[in-house]
Amino acid sequence: MNECTIWRIREKYKNLIFPNLPVLIINYINDNHYNDLPLVESKYINIDDILYFLRNKPFHTEKELLELTLWYIKIKHGIFEPIK
């Protein structure tokens, strides 16, 4: 992944509540999940919607945070998969 893509993801998912979220997403994409890159960079996803979705979801680890975030992104694009 090039530096411009990394910068776009950091700027798009930057927030004060979950400051690690952009790094988690970048690491996920770099771990051979390049097919999810267009979903993550989509103009239909914004951080406010993700934070609203996560407000009542119980999670305890960063892995669970990443899984819920990616699940929301896929649901928003019409990809219905159960949470793992």
Side-chain angles (χ1 to χ4, degrees):
M1 186 171 5
N2 62 16
E3 293 177 18
C4 185
T5 305
I6 292 172
W7 180 82
R8 283 194 311 260
I9 292 172
R10 277 191 186 147
E11 289 301 309
K12 182 171 186 163
Y13 293 99
K14 180 173 58 172
N15 66 77
L16 295 175
I17 298 171
F18 304 114
N20 297 12
L21 186 59
V23 175
L24 294 172
I25 292 173
I26 290 168
N27 290 338
Y28 172 78
I29 298 294
N30 278 332
D31 290 339
N32 292 326
H33 294 99
Y34 296 111
N35 292 338
D36 291 339
L37 183 60
L39 299 177
V40 170
E41 287 189 321
S42 172
K43 67 179 181 178
Y44 301 111
I45 304 295
N46 63 30
I47 192 65
D48 294 333
D49 291 342
I50 292 172
L51 293 177
Y52 185 78
F53 172 75
L54 293 173
R55 75 188 187 324
N56 290 328
K57 302 291 186 266
F59 57 89
H60 305 291
T61 64
E62 289 183 341
K63 182 181 177 191
E64 292 174 353
L65 169 64
L66 178 65
E67 287 175 355
L68 282 171
T69 302
L70 293 172
W71 185 66
Y72 172 78
I73 290 171
K74 289 179 181 181
I75 289 291
K76 185 84 173 189
H77 283 83
I79 302 169
F80 298 98
E81 296 177 350
I83 295 179
K84 298 172 184 166

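What's counted below: heavy atoms across the whole structure, side chains too, no hydrogens, waters or symmetry copies. These figures come from a predicted structure and were not determined experimentally.
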Answer yes if [X] and [Y] sit in the same cluster of Ile, Leu, Val, Met, Phe, Trp and Tyr residues linked by side chain heavy atoms under 4.5 Å apart, and no otherwise.
X	Y	value
Tyr44	Ile79	no
Leu37	Tyr72	yes
Ile75	Val40	yes

Audit row: Leu54, Leu65, side chain to side chain contact (heavy atoms under 4.5 Å, CB included) steps and yes/no: CA-CA 8 Å; Leu54 293 173; Leu65 169 64; 3.6 Å; yes
Heavy-atom neighbours of Glu11 CD exceed 12 at 6.0 Å: yes
Over 12 foreign heavy atoms within 6.0 Å of CG, Asn2: yes
Nearest-0.5 Å distance that lies between atom [atom1] in [X] and atom [atom2] in [Y]:
X	Y	atom1	atom2	value
Ile25	Asn20	CD1	CG	11.0 Å
Ile73	Ile50	CD1	CD1	4.5 Å
Trp71	Phe53	CH2	CZ	4.5 Å
Asn46	Tyr52	CG	OH	13.5 Å

Under 3.5 Å donor-acceptor, Glu64 side chain and His60 backbone: yes
Check: Ile45 main-chain N/O paired with Lys12 side-chain donor or acceptor under 3.5 Å: yes
Of all pairs that satisfy ring-ring contact (aromatic ring centres under 6.0 Å, His included), the ones with a partner from residues 11-42, not counting sequence neighbours: Phe18-Phe59, Tyr28-His33
What pairs of residues pass the salt bridge (charged side-chain N to carboxylate O under 4.0 Å, His left out) test when at least one of them lies in [range], not counting sequence neighbours?
range	value
residues 21-35	none
residues 18-28	none
residues 48-59	Asp49-Lys76

For Ile6, all residues meeting side chain to side chain contact (heavy atoms under 4.5 Å, CB included), sequence neighbours excluded: Met1, Arg10, Ile26
Partners meeting side chain to side chain contact (heavy atoms under 4.5 Å, CB included) with Leu16 (sequence neighbours left out): none
side-chain contact (heavy atoms from CB on, under 4.5 Å) partner of Ile47, chosen from Thr69, Ile17, Leu21: Leu21
Heavy-atom pair with the smallest gap, counting every atom of Leu39 and Lys74: CD1-CG, 4.1 Å
